[in-house]
Every structure is written in C-alpha cells, then in structure tokens.
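Everything below concerns the one structure shown next.
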Amino acid sequence: SSWFASWTRAQATGNKVALAGSGNYFSVTNNVTAAVEPDAHVTAVGDVEVRAAVEGNLLHVAGNGSSPLGLLTGVFVNGDLKNGLDRHAETAVGAGYGHIATTNTIDAEIAAGAIVDGASVSLTADNHFHSTGVAVASGVTSGSGFNGSGMAGEVTNSTRALISEDATIITRGGTASSLDPQDISVSIPEAETSLLVSANDDGSIFSFAGGVLRGRNVGFGVSVAVNIVDRKTQASIGSDPDTAPVLDPALAPSVTAQGGISVRSASGGSQVAVPLAAAVNQSTGSKDYPTGAAAAAVSWNEISSTTQSYVAGGPAAIAAVTTDSDLIVTAVDTSSIVSVTPTLAYQSETRTDSASGSVGVSVTSNDISQNVEARIEHAKLDVGGSVSVLSAGEADIQSHAISGALTLSAGYAGTVAATHATNTITGNTQSTMTRVTTSSEANASPDNILVLATRENLVNATCVSAAISSSGADKLALSGG
C-alpha cells in the first residue's frame, strides 16, 4: 500500500510577452504474484490463504502556479477589476499537461499439479489502486492570451485468481474470507464458504483539467480531460474454456470441499473527468480592433471491461467438483463514468464603434463496454446444496455538458454557446451451464439450480447552453445557443 505524488509547475512574467508551460508524465507498473507452485503439496491444520493485492493512491499535478492550490486562484487574486490587468504582459500564453499511465497485473494461482489441503482455502486477487490527476493553466494578461490544459489517464489492469488444471483442492469445513466485492442491486446467495476463489478490481481514476484566462482584448481558455480504462478480471477453477480448454483427461481439476464453494469476480470503481475552461475579458477601449473571448472544454472517457468467473474442464477432461453445501459462481461489473464539462466565456467592451463577441463550447463523449460471464462447463458436480450461476452487468454514465457565453458591449455584440454529449453502453452479460452432470452417488441432485443473467444500464445526460449578448443603442446584438 503506497502513496505516490508528483508536481511540476512553470511561471513566467514580462512586460510584453509571457510564456509558461509544464508537463508531467507519470508511469506506474505493478506486478504482483502469489502462487502455490506446480506439483507443490500444501497441508495445513488451519486455513490456507493465497492472496495477491495492489493497494495505492497516486496524486499527479501539472500547471503554472506557485502551488497546486494557487493554480486557479491566481487568476482572480492577481487580476483585480480596477488596475490589476495593467501589471501583466500584453500577450500571455500558458499550458499545462499531465499524463498518468498505470499498469497493474495481479495474479493469485494454485498451479497445475499442486495439492492444497486445509480447513479452508481462499485464493484472492485484489486491485485497489486509485489515481488522481490535475492539470491547470491559468493566467492574466493586459492584452491577449491563451491558456490550455490537458489531463490524460491510461489504466490497464489484469486481475486473476486461478486454480489451474490438474490441481487438487481439499477443504475440511473451515470458513474462508476476503474483502467484500462490489455492491450490486442483484441479491447473491450467501453460504458458509470453505473454498473461495475471488478476483476483485475496484480501481478508480479521477482527472481534473482547467484552462482559465483573464484578459482584456482577445482571450482563449481550453481544457481537455481523457480517461481510458482497459481491464480484465477473472476467477476460475480450470483453464479459460475459450482460449485454453483442458484437453488431457489426466489434467482435469478436482475440488472436494466440506462447506460451500464460491467462485466470484467483480469489477467496479469510478472514472471521473472534469475539464473546466473559462475566458474572461474586459476591454477598456484602448485598442481599435475587435475583441472577443472563447472557452472550450472536452471530456473523453472509455471503459472496456471483461469480468469472468468459471468452473471448467474440457471435452475429454471433466472437472470434478464435490461439496456437501452450495456451489456459487458469480461475475459482477459495476462500471461508472462521471463527466462534467463546464465552460464560461465573457467579453465586455466600452467602445461604441467596436465589435465584440464570446463563444463557449462544451463536448463530452463517454463509452462503457462490458463483457460479464459466469459459466460452468465440462464439469461433474456432486453438490449437496444448491448451484447458482449468476452474472450482473451494471453500467452508469453521468454526463453533464454546460456552456455559457456573455457579451456586454457598447458597440456591436455577438454570442454563441454550444454543447454536445455522446454516451454509449455496450453490454454482454451471460450465465451458462454447458455439458454439466449434476448427480452422483455421494449426493442426490442439487436442492436448487439457479442460472441468472441481469443487466442494468443508466444514462443521465444534461446539455445546457446559454448565450446572452447586449449591444449599445442602435447597434446589432446576436445570440445563438
């Protein structure tokens, strides 16, 4: 468990021209493995726990300012209405860019040929790595300027808990435990579990970007936030039936448990992106050319998630699972995106012979793609309780694009404000039992068999734009939103 922090900044001052920019690239790679090696024999009077976990928090800041707190406040503190603008350069350009790239590979495995015997056995892989990035460009100019910022986050996760082919697991009535999986609206049966195979990824990423300019004549503020998450979460007894099915009959996995068996995978966490853009200009008539302010904010977010739980043998290698209690196989994905993209463009002009305008644009694009599977294939089940195969896919997008533009001019005035939001959810959720035998000599058929797949999608999207312009007497004013 760790805290990581990085901070870069750049400042510039000048009478005529001031340029300042900073960039910060932070890459973190975590590889964690906990394994019972091939052909190892482990016997314990008590419980056997095999756990691989990543836990950490990353704070990442880039921008132009004396401190992270002052990146935005400097615009308003240093640019007072009465005379603060005159103390700054006639042309100012500022930029801040931050990039976070994290790769987490978490493997918990009982390898092929291993024999593990304990009161209970738990095999768990957990990812709890969270990233926060902030990139801000802010500045003040007595003339014209540009401030732009960008924050990008890339996350690649692989979280896997695997009992391999040809592994033998024996439990003797103990109780296995692990961290709680993701909360979902579907009720999952509870059972006293003596064998637990669990993979859980609730890592989150938060990106904040701000491009803010305070000026007099022509000003631009631009902000972009991008988050891309690609993750795979697997919990399994046996090899992946799609990519590596067990073919040799001698390599079929075998599990015997006094107590329940639970195989579960869960993916979740939050992805949040907030880019803020603002341009505020107040012209005093010292120049004889048109004046204007423009602000644009863009948010781009993608989640591609595969969550799988399975008990699987092969066409000629039937997995043998025996328990005097319940067998529960669950896969759950609760991916969510929150995107808020506010913009503000303001231009005031005192000259009656002037032309002034302001433009505010806010754009957001959000995409969640889920593949959620709970499967039992090529298996012989000797189950004294119930068999449950459950998959649940829940996707939630909260998308809010807000744009405002205001022009107050003694001359001609024009204002445009626009917003656009694209939100897409693609989901595959399935629960299956294929080529499964559910009766034997030791136990009668299971009490109940439940095979259930559920899907819930929620999109809450708001697009609000407001454009206001005011011109002097006998002058034209145009507004469009």
Side-chain angles (χ1 to χ4, degrees), residues 127-128 130-132 151 153-155 157 159 179-189 199-209 225-233 264-276 297-309 330-343 362-374 388-403 419-431 450-465:
N127 176 37
H128 308 291
H130 308 285
S131 302
T132 301
M151 187 68 225
E154 294 180 84
V155 177
N157 292 337
T159 308
L179 299 178
D180 292 333
Q182 311 297 330
D183 292 330
I184 59 171
S185 60
V186 177
S187 177
I188 294 178
N200 183 34
D201 180 353
D202 66 357
S204 300
I205 183 166
F206 305 90
S207 295
F208 302 93
V226 177
N227 288 326
I228 298 176
V229 175
D230 185 359
R231 66 180 172 218
K232 188 172 186 178
T233 309
R264 69 190 192 193
S265 59
S267 301
S270 299
Q271 186 181 109
V272 178
V274 182
L276 165 67
V298 178
S299 173
W300 185 287
N301 304 283
E302 294 182 2
I303 297 177
S304 177
S305 181
T306 298
T307 308
Q308 297 173 317
S309 295
T330 61
V332 175
D333 190 331
T334 58
S335 298
S336 67
I337 292 175
V338 177
S339 173
V340 182
T341 54
T343 63
S362 175
V363 177
T364 178
S365 176
N366 308 290
D367 180 85
I368 296 177
S369 175
Q370 294 176 317
N371 180 34
V372 188
E373 300 178 1
S388 300
V389 185
L390 307 175
S391 61
E394 299 186 2
D396 184 358
I397 296 178
Q398 302 292 320
S399 171
H400 306 288
I402 304 168
S403 178
T419 59
H420 177 77
T422 301
N423 302 291
T424 306
I425 295 175
T426 304
N428 171 49
T429 306
Q430 60 177 318
S431 299
L450 174 63
V451 180
L452 176 65
T454 66
R455 168 125 228 115
E456 181 176 322
N457 298 330
L458 174 63
V459 176
N460 182 14
T462 303
C463 289
V464 178
S465 60

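Positions are given from 1, in the same order as the sequence printed here.
- Annotation: side chain to side chain donor-acceptor pair (under 3.5 Å) contacts of Thr419 (sequence neighbours excluded): none.
- Counting only heavy atoms from C-beta outward, the side chains of Lys232 and Gln308 approach each other to under 4.5 Å.
- Atom CG in Leu450 sits 5.0 Å away from atom OG in Ser388 (nearest 0.5 Å).
- Between Ser365 and Thr422, the side chains place no donor N or O within less than 3.5 Å of an acceptor N or O (distance only, hydrogens not considered).
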Worksheet item: What's the verdict on side chain to side chain donor-acceptor pair (under 3.5 Å) for Ser299 and Asn301, showing C-alpha distance, side-chain angles and the deciding distance?
Response: CA-CA 7 Å; Ser299 173; Asn301 304 283; 2.9 Å; yes

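- Considering OG of Ser399 and NE2 of His420, their distance stands at 9.5 Å, rounded to 0.5 Å.
- In this structure, Asp333 and Gln370 approach most closely via the heavy-atom pair OD1-NE2, 3.0 Å.
- Across all their heavy atoms, Val332 and Thr307 have their closest contact at O-CG2, 3.5 Å.
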Worksheet item: Going through the distances and angles, do Ser265 and Ser309 end up as a side chain to side chain donor-acceptor pair (under 3.5 Å)?
Response: CA-CA 6 Å; Ser265 59; Ser309 295; 2.7 Å; yes

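- The line from CG of Asp201 to OG of Ser305 is 7.5 Å long, rounded to the nearest 0.5 Å.
- Residue Arg231 comes nearest to Ser335 through the heavy atom pair NH2-OG, 2.6 Å, listed as atom of the first residue, atom of the second, then distance.
- Using modelled atom types, one finds a donor on one side chain and an acceptor on the other under 3.5 Å when comparing Ser391 with Ser431.
- No side-chain heavy atom of Thr306 sits less than 4.5 Å from a side-chain heavy atom of Glu373.
- A 4.5 Å side-chain heavy-atom check between Thr132 and Phe208 finds at least one atom pair inside the cut-off.
- Scanning all heavy atoms of the two residues, the minimum distance from Gly153 to Ser207 falls at N-OG, 4.5 Å.
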Worksheet entry | Intermediate values then yes/no, side-chain contact (heavy atoms from CB on, under 4.5 Å), Asp230 and Glu154 | CA-CA 8 Å; Asp230 185 359; Glu154 294 180 84; over 6 Å; no

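- Scanning both residues, Ser204 and Gly269, for their nearest heavy atoms gives OG-CA, 3.6 Å.
- Side-chain atoms of Ile402 and Ser362, non-hydrogen and from C-beta on, never get closer than 4.5 Å to each other.
- The CG atom of Asp202 lies 8.5 Å from the OG1 atom of Thr334; values are rounded to the nearest 0.5 Å.
- Two residues are said to be in side-chain contact when any heavy atoms from C-beta on lie closer than 4.5 Å; Ser403 and Thr343 meet this criterion.
- The side-chain heavy atoms of Ile228 and Val226, taken from C-beta on, include a pair separated by under 4.5 Å.
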Worksheet item: Run the side chain to side chain donor-acceptor pair (under 3.5 Å) check on Asp367 and Ser369 step by step: do they pass?
Response: CA-CA 7 Å; Asp367 180 85; Ser369 175; 5.5 Å; no

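- Here the straight-line distance linking atom CD1 of Ile425 with atom CD of Glu456 works out to 10.0 Å at 0.5 Å rounding.
- Contact detail for Asp396 and Ile368: the closest heavy-atom pair is O-CD1, 3.8 Å.
- Atom CG of Leu390 is separated from atom OG1 of Thr454 by 8.0 Å, given to the nearest 0.5 angstrom.
- Proximity of Leu458 to Gln398: side-chain heavy atoms (C-beta onward) are separated by under 4.5 Å at one or more points.
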